[in-house]
Amino acid sequence: MKILVTGGTGYIGSHTIVELINAGFDVCTIDNFDNSYPNVLDNLKKITGKTIEFDEVDIRDKYALKKYFSEKPDIEAVIHFAANKAVGESVKFPLKYYENNVGGTINLLLAMQKADINNIVFSSSCTVYGEAQPPVDENTAIPIANSPYGNTKQICEEILSDQSDAVNLHVVALRYFNPVGAHESALIGELPIGIPNNLVPFITQTAIGKRESLTVFGNDYPTPDGTNIRDYIHVVDLAIAHVAAIKYLLNKKYSSAFSVFNLGTGKGNSVLEVIKTFEAVSGQKLAYQIGSRRAGDVVQTYAACNKAWNELGWKTERSLEDSMRTAWKWEQHLKNSEKK
Ligand code: UD1
């Protein structure tokens with residue numbers, strides 16, 4: 001069983017490749033290295049002992065995609081990660097997001113249709129729920145998106161749903177809450193280019209001395225300690241959920257052609273709790289101060305995950321401590337490899 005992973009050198013894609021191989025799948029992958037590096041492929045080989053079948057393909061190039069599929073007749077299913085994901089950047093450059101995230105998904109679906117490949121797992125986000133009362137389940141109404149990035153995820157889900165109504169296509173859309181942490185080997189992890197927007201890379205970069213201090217964006221929210229609450233899910237648990245989703249599709253466990261699942265731990269943690277957990281597992285005192293609220297942040301969110309537990313037979317196994325410990329190990333590995 002060969003699975004194509006688009007965006008396989010990215011943060012979640014690379015961890016998913018490891019878990020697919022662990023589960024006995026053959027994998028091929030494409031990427032354009034827009035937000036990742038080729039050496040991820042070497043590190044995947046170190047972890048799995050396998051050379052990853054890789055081609056540099058940009059999903060905006062529909063001819064390249066069609067050619068790719070015509071040369072790989074043994075692909076059974078696709079896991080589609082390749083996309084841009086920075087909310088702030090999407091506000092400044094909306095067309096970049098619509099072209100790559102939406103246009104790229106359409107190109108992929110056209111190429112899959114031509115090659116008669118009927119199964120796809122789509123990388124979606126809890127951002128589609130906006131400000132909803134947690135725990136958030138999959139039946140929550142989807143409001144108007146609050147960023148072009150969020151809108152691309154909503155639009156892609158709609159396109160996938162429409163296409164699954166029209167042709168023989170089976171879709172699982174996975175709505176991730178906040179992916180954090182890294183592989184135990186510390187050979188792969190999140191690699192933000194430039195100043196990180198997300199909390200955990202900012203914490204580890206501050207602790208290692210790359211950033212002076214972390215600003216906590218507001219402590220006057222209506223939450224127990226005044227800081228925002230999120231559902232932080234370990235990236236390896238998230239990767240394993242993709243294997244479960246692929247098995248769900250290939251074993252035809254679905255009851256409709258388009259299925260959507262939340263992927264989270266089901267538990268919320270505040271920004272201050274995350275900082276405290278990081279300090280406890282790393283033994284580092286983190287320099288931080290309280291700043292003003294960041295525009296667009298929702299007060300609190302965490303997932304209701306019963307659907308994934310019941311239908312995918314998947315549950316998270318890793319704790320926030322595991323996430324912070326591996327994120328820190330990864331940051332230290334990056335520093336050591338810079339020295340070499
Ligand atoms: C963000 C995106 C979301 C995307 C997800 C991918 C926004 C508004 N949302 O989620 O659409 O799917 O990343 O991982 O960008 N924080 C600080 N200081 C910092 C950085 C973050 O206090 O320097 C706080 C934030 O205010 C928030 C929490 O940490 O309360 C988590 O922030 P972040 O990691 O950026 O994730 P989200 O905003 O939840």
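First listed ligand is number 1; within each ligand, the first listed atom is number 1.
For the pair Ser125 and ligand 1, a heavy-atom separation below 4.0 Å is found. By the 4.0 Å heavy-atom criterion, Tyr232 is counted among the residues contacting ligand 1. Contact analysis puts Tyr149 in contact with ligand 1, with a non-hydrogen atom separation below 4.0 angstrom. Distances from ligand 1 to the non-hydrogen atoms of Arg230 include at least one value under 4.0 Å.
Residue Phe217 has at least one nitrogen or oxygen atom sitting less than 3.5 Å from a nitrogen or oxygen atom of ligand 1, judged on distance alone. The shortest N or O to N or O distance between Pro179 and ligand 1 is not below 3.5 Å.
In this structure, the protein non-hydrogen atom closest to atom 30 (O) of ligand 1 is Asn228 OD1, 2.7 Å. Closest protein heavy atom to atom 18 (N) of ligand 1: Thr215 O, 2.8 Å. Protein heavy atom closest to atom 35 (O) of ligand 1, with residue, atom name and distance, is Arg294 NH2, 2.9 Å. In this structure, the protein non-hydrogen atom closest to atom 9 (N) of ligand 1 is Val87 CG2, 3.6 Å. Among all non-hydrogen protein atoms, the one lying nearest atom 24 (C) of ligand 1 is Val271 CG2, 3.8 Å. In this structure, the protein non-hydrogen atom closest to atom 33 (P) of ligand 1 is Asn198 ND2, 3.4 Å.
With atom 23 (O) of ligand 1 as the reference point, the heavy atom nearest to it among Asn178, Leu214, Asn269 is part of Leu214. Proximity annotation for atom 21 (C) of ligand 1: of Ile229, Ile12, Leu199, Thr206, Leu199 comes nearest, heavy atoms only.
In this structure, the side chain of Asp322 does not engage the main chain of Arg318 through any donor-acceptor pair within 3.5 Å. For the pair Ser337 (side chain) and His333 (backbone), a donor-acceptor distance under 3.5 Å is present. Between the Asp31 side chain and the Thr9 main chain, a donor and an acceptor come within less than 3.5 Å of each other. Looking at Thr6, its side chain does come within 3.5 Å of a backbone N or O of Phe81 through a donor-acceptor pair. Asn262 places a side-chain N or O within 3.5 Å of a backbone atom of Ala304 that can act as its donor or acceptor partner. Judged by distance alone, the side chain of Asn32 and the main-chain N or O of Asp34 form a donor-acceptor pair under 3.5 Å. A side-chain donor-acceptor contact under 3.5 Å links Gln154 to the backbone of Pro143.
Shown in contact with Val216 at under 4.0 Å from a heavy atom are these atoms of ligand 1, numbered in order with element: 22 (O). Less than 4.0 angstrom separates some heavy atom of Thr127 from each of these atoms of ligand 1: 11 (O).
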**Request:** Test salt bridge (Lys or Arg N to Asp or Glu O under 4.0 Å) on Asp42 and Lys45 and set out the steps.
**Result:** CA-CA 5 Å; Asp42 302 329; Lys45 185 173 181 189; over 6 Å; no
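The existence of a salt bridge linking Lys285 and Glu279 is confirmed by a sub-4.0 Å separation between a basic side-chain nitrogen and an acidic carboxylate oxygen. A salt bridge is defined here as a Lys NZ or Arg NE, NH1 or NH2 lying under 4.0 Å from an Asp or Glu carboxylate O, and Lys335 with Glu331 fails to meet this definition.
For the pair Lys307 and Phe261, the cation sits on the ring face: its NZ or CZ lies under 6.0 Å from the ring centre, inside 45° of the axis.
Proximity of Asp297 to ligand 1, defined as any heavy-atom pair under 4.0 Å, is confined to the side chain (atoms from C-beta onward).
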